[in-house]
Amino acid sequence: MERRVAEQLGGALGPLGLEAHAFKIGWYNAVLQPAFHLPYPEDTLAFVVLSTPSMFDKALKPFVKKERLKIIRDPVDQCVSHHLSRVKEKFPEQRVDVMFDYEILPSRKPKFLAQTAAHVAGAAYYYQRKDVKLEPWGKKKIYGVCIHPKYGGWFAIRALLLFPDIQVPFLEQPAPADCVSTEEKRIELLEQFNFHWQDGRYRDIIEVKERYSEEQKAYFATPPAERLRLLGLPQDAQ
(Lines give C-alpha, C1' and ligand atoms only; values in the text may rest on other atoms or scores of the structure.)
Protein backbone atom coordinates (compact mmCIF):
# COMPACT_ATOMS: atom_id res chain seq x y z
CA MET A 1 0.00 0.00 0.00
CA GLU A 2 2.77 2.42 0.97
CA ARG A 3 4.52 1.78 -2.35
CA ARG A 4 1.38 2.49 -4.35
CA VAL A 5 0.76 5.75 -2.47
CA ALA A 6 4.44 6.73 -2.85
CA GLU A 7 4.30 6.10 -6.61
CA GLN A 8 1.15 8.20 -6.98
CA LEU A 9 2.69 11.02 -4.97
CA GLY A 10 5.91 10.83 -6.98
CA GLY A 11 3.93 11.00 -10.23
CA ALA A 12 1.95 14.02 -9.04
CA LEU A 13 4.68 15.96 -7.22
CA GLY A 14 7.86 15.13 -9.19
CA PRO A 15 6.93 17.23 -12.25
CA LEU A 16 6.39 20.20 -9.88
CA GLY A 17 9.89 19.98 -8.38
CA LEU A 18 8.54 18.52 -5.12
CA GLU A 19 9.67 15.32 -3.36
CA ALA A 20 7.69 13.13 -0.93
CA HIS A 21 9.47 10.80 1.54
CA ALA A 22 7.56 8.20 3.56
CA PHE A 23 7.85 7.71 7.30
CA LYS A 24 5.93 6.22 10.20
CA ILE A 25 4.52 8.49 12.90
CA GLY A 26 6.21 6.27 15.51
CA TRP A 27 9.69 7.10 14.16
CA TYR A 28 8.97 10.81 14.53
CA ASN A 29 7.36 10.61 17.97
CA ALA A 30 10.16 8.37 19.27
CA VAL A 31 12.78 11.13 19.02
CA LEU A 32 10.71 14.00 20.44
CA GLN A 33 9.30 15.15 23.77
CA PRO A 34 5.59 14.23 24.25
CA ALA A 35 4.62 17.91 23.79
CA PHE A 36 5.66 17.65 20.12
CA HIS A 37 4.14 14.23 19.35
CA LEU A 38 1.76 13.94 16.41
CA PRO A 39 -1.60 12.53 17.61
CA TYR A 40 -1.79 9.41 15.42
CA PRO A 41 -1.11 5.69 16.05
CA GLU A 42 2.57 4.90 15.62
CA ASP A 43 2.21 2.75 12.47
CA THR A 44 0.36 5.54 10.60
CA LEU A 45 1.80 6.35 7.16
CA ALA A 46 3.01 9.91 6.57
CA PHE A 47 5.13 11.73 3.98
CA VAL A 48 7.34 14.78 4.35
CA VAL A 49 7.18 17.06 1.27
CA LEU A 50 10.28 19.00 0.15
CA SER A 51 10.66 21.64 -2.53
CA THR A 52 13.76 21.29 -4.71
CA PRO A 53 15.46 24.08 -6.72
CA SER A 54 13.36 23.32 -9.82
CA MET A 55 10.07 24.03 -7.99
CA PHE A 56 10.50 27.75 -8.68
CA ASP A 57 10.29 27.31 -12.46
CA LYS A 58 8.13 24.17 -12.60
CA ALA A 59 5.44 25.13 -10.08
CA LEU A 60 5.71 28.65 -8.67
CA LYS A 61 6.01 30.73 -11.85
CA PRO A 62 3.22 28.90 -13.73
CA PHE A 63 1.01 29.11 -10.63
CA VAL A 64 1.57 32.86 -10.26
CA LYS A 65 0.88 33.43 -13.97
CA LYS A 66 -2.38 31.48 -13.80
CA GLU A 67 -3.64 32.56 -10.36
CA ARG A 68 -2.17 36.06 -10.18
CA LEU A 69 -5.42 37.75 -9.18
CA LYS A 70 -6.09 35.22 -6.41
CA ILE A 71 -2.76 35.52 -4.59
CA ILE A 72 -3.46 37.04 -1.20
CA ARG A 73 -0.61 35.67 0.93
CA ASP A 74 2.86 34.26 0.38
CA PRO A 75 2.92 32.96 -3.23
CA VAL A 76 5.11 29.94 -2.37
CA ASP A 77 2.85 28.88 0.52
CA GLN A 78 -0.22 29.36 -1.63
CA CYS A 79 1.32 27.46 -4.56
CA VAL A 80 2.28 24.45 -2.37
CA SER A 81 -1.13 24.49 -0.69
CA HIS A 82 -2.89 24.57 -4.08
CA HIS A 83 -0.93 21.61 -5.44
CA LEU A 84 -1.27 19.51 -2.28
CA SER A 85 -5.05 20.02 -2.23
CA ARG A 86 -5.06 18.68 -5.82
CA VAL A 87 -2.94 15.71 -4.70
CA LYS A 88 -5.53 14.93 -2.00
CA GLU A 89 -8.13 14.55 -4.75
CA LYS A 90 -6.10 11.64 -6.14
CA PHE A 91 -6.98 9.63 -3.01
CA PRO A 92 -10.80 9.85 -2.90
CA GLU A 93 -11.03 6.66 -0.80
CA GLN A 94 -8.55 7.88 1.81
CA ARG A 95 -8.56 10.49 4.51
CA VAL A 96 -5.52 12.70 3.91
CA ASP A 97 -4.47 15.28 6.52
CA VAL A 98 -2.09 18.06 5.48
CA MET A 99 0.13 20.12 7.78
CA PHE A 100 2.17 23.04 6.44
CA ASP A 101 5.55 24.18 7.74
CA TYR A 102 4.21 27.67 8.53
CA GLU A 103 1.22 26.53 10.64
CA ILE A 104 1.32 26.99 14.39
CA LEU A 105 -0.82 25.69 17.24
CA PRO A 106 -2.65 27.96 19.71
CA SER A 107 0.29 27.33 22.09
CA ARG A 108 2.54 29.03 19.46
CA LYS A 109 4.37 25.75 18.86
CA PRO A 110 4.77 24.70 15.21
CA LYS A 111 2.32 21.99 14.11
CA PHE A 112 5.29 19.75 13.33
CA LEU A 113 9.08 19.94 13.52
CA ALA A 114 10.04 19.98 9.87
CA GLN A 115 13.72 19.08 10.18
CA THR A 116 13.03 16.13 12.48
CA ALA A 117 10.45 14.81 9.99
CA ALA A 118 12.94 15.10 7.10
CA HIS A 119 15.61 13.26 9.13
CA VAL A 120 13.43 10.32 10.27
CA ALA A 121 12.11 9.90 6.71
CA GLY A 122 15.69 9.64 5.42
CA ALA A 123 15.17 12.69 3.17
CA ALA A 124 17.88 14.96 4.62
CA TYR A 125 20.31 14.70 7.54
CA TYR A 126 19.50 17.00 10.47
CA TYR A 127 22.88 18.16 11.80
CA GLN A 128 22.73 19.37 15.38
CA ARG A 129 25.07 20.36 18.15
CA LYS A 130 25.03 16.77 19.44
CA ASP A 131 26.63 15.61 16.15
CA VAL A 132 29.85 17.45 17.10
CA LYS A 133 32.01 15.71 19.71
CA LEU A 134 34.33 18.57 20.73
CA GLU A 135 32.03 21.50 20.29
CA PRO A 136 33.45 25.02 20.66
CA TRP A 137 30.33 27.07 21.45
CA GLY A 138 30.07 27.10 25.24
CA LYS A 139 26.75 28.60 26.30
CA LYS A 140 25.77 29.91 22.86
CA LYS A 141 22.46 28.72 21.42
CA ILE A 142 23.22 26.64 18.32
CA TYR A 143 20.42 25.74 15.93
CA GLY A 144 20.58 22.61 13.78
CA VAL A 145 20.13 22.46 10.01
CA CYS A 146 19.14 19.81 7.45
CA ILE A 147 21.41 19.02 4.51
CA HIS A 148 20.09 17.14 1.47
CA PRO A 149 22.53 14.70 -0.20
CA LYS A 150 21.78 16.13 -3.65
CA TYR A 151 20.83 19.77 -3.00
CA GLY A 152 22.86 20.58 0.13
CA GLY A 153 20.97 23.47 1.72
CA TRP A 154 19.21 24.49 -1.51
CA PHE A 155 15.80 23.03 -0.65
CA ALA A 156 12.95 23.60 1.80
CA ILE A 157 10.62 21.42 3.87
CA ARG A 158 7.07 22.45 3.04
CA ALA A 159 4.49 20.07 4.47
CA LEU A 160 3.41 16.70 5.84
CA LEU A 161 0.82 14.46 4.19
CA LEU A 162 -0.73 12.06 6.70
CA PHE A 163 -2.81 8.98 5.85
CA PRO A 164 -4.63 8.10 9.12
CA ASP A 165 -6.36 5.05 7.63
CA ILE A 166 -3.15 3.45 6.34
CA GLN A 167 -1.06 1.52 8.87
CA VAL A 168 2.40 0.34 7.78
CA PRO A 169 3.82 -1.81 10.62
CA PHE A 170 6.51 -3.31 8.36
CA LEU A 171 7.82 -0.11 6.78
CA GLU A 172 11.62 -0.07 7.10
CA GLN A 173 13.29 3.13 8.19
CA PRO A 174 15.95 4.49 5.79
CA ALA A 175 18.92 6.30 7.32
CA PRO A 176 19.45 9.82 5.96
CA ALA A 177 22.69 10.23 3.99
CA ASP A 178 25.38 11.52 6.35
CA CYS A 179 26.96 13.75 3.73
CA VAL A 180 28.76 16.14 6.14
CA SER A 181 30.71 13.38 7.80
CA THR A 182 33.79 15.05 9.33
CA GLU A 183 33.88 16.90 12.64
CA GLU A 184 35.51 19.96 10.99
CA LYS A 185 32.85 20.20 8.28
CA ARG A 186 30.02 19.86 10.81
CA ILE A 187 31.47 22.68 12.91
CA GLU A 188 31.85 24.80 9.76
CA LEU A 189 28.24 24.03 8.73
CA LEU A 190 26.72 24.92 12.11
CA GLU A 191 28.82 28.09 12.41
CA GLN A 192 27.91 29.27 8.92
CA PHE A 193 24.22 28.49 9.50
CA ASN A 194 24.05 30.13 12.95
CA PHE A 195 26.31 33.16 12.49
CA HIS A 196 26.40 33.86 8.72
CA TRP A 197 23.15 32.38 7.39
CA GLN A 198 22.37 35.49 5.30
CA ASP A 199 25.25 34.81 2.89
CA GLY A 200 23.92 31.27 2.26
CA ARG A 201 27.40 29.67 2.29
CA TYR A 202 26.13 26.85 4.53
CA ARG A 203 23.98 25.66 1.60
CA ASP A 204 27.13 24.71 -0.33
CA ILE A 205 28.78 22.75 2.48
CA ILE A 206 28.80 19.75 0.10
CA GLU A 207 29.16 19.48 -3.68
CA VAL A 208 25.57 20.01 -4.86
CA LYS A 209 23.91 18.68 -8.02
CA GLU A 210 21.56 21.66 -8.35
CA ARG A 211 21.10 25.00 -6.61
CA TYR A 212 18.68 27.93 -6.80
CA SER A 213 18.90 30.04 -9.96
CA GLU A 214 20.02 33.67 -9.63
CA GLU A 215 16.39 34.73 -10.12
CA GLN A 216 15.25 32.43 -7.33
CA LYS A 217 18.04 33.60 -4.98
CA ALA A 218 17.00 37.21 -5.62
CA TYR A 219 13.37 36.30 -4.90
CA PHE A 220 14.09 34.68 -1.52
CA ALA A 221 16.58 37.42 -0.57
CA THR A 222 13.89 40.09 -1.09
CA PRO A 223 11.63 41.07 1.85
CA PRO A 224 8.29 39.18 1.50
CA ALA A 225 6.22 42.33 0.88
CA GLU A 226 8.35 43.23 -2.16
CA ARG A 227 8.57 39.72 -3.66
CA LEU A 228 5.30 40.10 -5.53
CA ARG A 229 6.82 42.78 -7.74
CA LEU A 230 9.58 40.37 -8.80
CA LEU A 231 6.91 37.94 -9.98
CA GLY A 232 5.09 40.69 -11.86
CA LEU A 233 2.26 40.87 -9.32
CA PRO A 234 0.68 44.11 -8.11
CA GLN A 235 1.93 45.06 -4.62
CA ASP A 236 -1.60 45.37 -3.28
CA ALA A 237 -2.10 41.65 -3.82
CA GLN A 238 -0.55 41.24 -0.34
Practice task
Can you spot which of I147, I206, V180 makes a side chain to side chain contact (heavy atoms under 4.5 Å, CB included) with K185?
Solution key: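 Single pass found, and it is V180.
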
Practice task
May I ask you to say whether D74 pairs ionically with R227, meaning some side-chain N is under 4.0 Å from a carboxylate O?
Solution key: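 Looking at D74 and R227, the cut-off is met.
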
Practice task
Report yes or no: do Q198 and H196 form a side-chain donor-acceptor pair below 3.5 Å?
Solution key: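 On atom types as modelled, these side chains do not qualify, holding no pair under 3.5 Å.
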
Give a yes or no on whether [X] atom [atom1] has more than 12 heavy-atom contacts from other residues, nucleotides or ligands under 6.0 Å away.
| X | atom1 | value |
| --- | --- | --- |
| E172 | CD | no |
| W137 | CH2 | yes |
| Y143 | OH | no |

Could you pull out all residues at least two apart from [X] that satisfy salt bridge (Lys or Arg N to Asp or Glu O under 4.0 Å)?
| X | value |
| --- | --- |
| R95 | D97 |
| E214 | K217 |
| K65 | none |

Pairing residues for [X] by the side chain to side chain contact (heavy atoms under 4.5 Å, CB included) criterion, not counting sequence neighbours:
| X | result |
| --- | --- |
| P174 | W27 |
| Q167 | P41, D43, T44, P169 |
| P53 | Y151, W154, E210, Y212 |
| P223 | E226 |

Shortest non-hydrogen contact from [X] toward [Y]:
| X | Y | result |
| --- | --- | --- |
| I104 | P110 | CG2-CA, 3.9 Å |
| G138 | R129 | O-NH2, 2.6 Å |
| I157 | A118 | CD1-CB, 3.8 Å |
| Y127 | A177 | OH-O, 4.1 Å |
| V87 | A12 | CG2-CB, 3.9 Å |
| P15 | G10 | CD-O, 3.9 Å |

In chain order, what residues pass the ring-ring contact (aromatic ring centres under 6.0 Å, His included) check against [X], with sequence neighbours excluded?
| X | answer |
| --- | --- |
| F100 | Y102 |
| Y40 | none |
| F163 | F47, F91 |

Exercise for the section: Kindly indicate whether a cation-pi arrangement holds for K140 with F195, taking the cut-offs as under 6.0 Å to the six-membered ring centre and within 45° of the axis. Expected result: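 Yes; both conditions hold, so K140 lies above the ring face of F195.
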
Nearest 0.5 Å, what's the [atom1]-[atom2] distance between [X] and [Y]?
| X | Y | atom1 | atom2 | value |
| --- | --- | --- | --- | --- |
| C146 | L50 | SG | CG | 8.5 Å |
| I142 | Q128 | CD1 | CD | 12.0 Å |
| L189 | E184 | CG | CD | 13.0 Å |
| L9 | K90 | CG | NZ | 10.0 Å |
| Q33 | L113 | CD | CG | 10.5 Å |
| R186 | E191 | CZ | CD | 15.0 Å |

Handout entry: Step-by-step side chain to side chain contact (heavy atoms under 4.5 Å, CB included) determination, E19 to H148
Key = CA-CA 12 Å; E19 290 182 355; H148 190 288; 3.2 Å; yes

Handout entry: Check: Q115 side chain, G144 main-chain N or O, donor-acceptor pair, under 3.5 Å
Key =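 Indeed, once roles are kept as given, a pair shorter than 3.5 Å links the two residues.
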
Problem - Y125 ring center within less than 6.0 Å of H119 ring center - result: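 Here the rings of Y125 and H119 have centres that are less than 6.0 Å from each other.
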
Practice task
Report the residues that fulfil side chain to side chain donor-acceptor pair (under 3.5 Å) with K88, sequence neighbours left out, ordered by chain and then residue number.
Solution key: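 With neighbours one apart ignored, the set is empty.
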
Handout entry: Which residues share a side chain to side chain donor-acceptor pair (under 3.5 Å) with E215, sequence neighbours left out
Key =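 Result, side chain to side chain donor-acceptor pair (under 3.5 Å) vs E215: K61.
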
Practice task
Go through the steps to decide whether E183 and L134 satisfy the test side chain to side chain contact (heavy atoms under 4.5 Å, CB included), and finish with yes or no.
Solution key: CA-CA 8 Å; E183 180 92 346; L134 299 169; 3.9 Å; yes

Handout entry: Check against side chain to side chain contact (heavy atoms under 4.5 Å, CB included), V208 and K150
Key = CA-CA 6 Å; V208 299; K150 188 172 170 189; over 6 Å; no

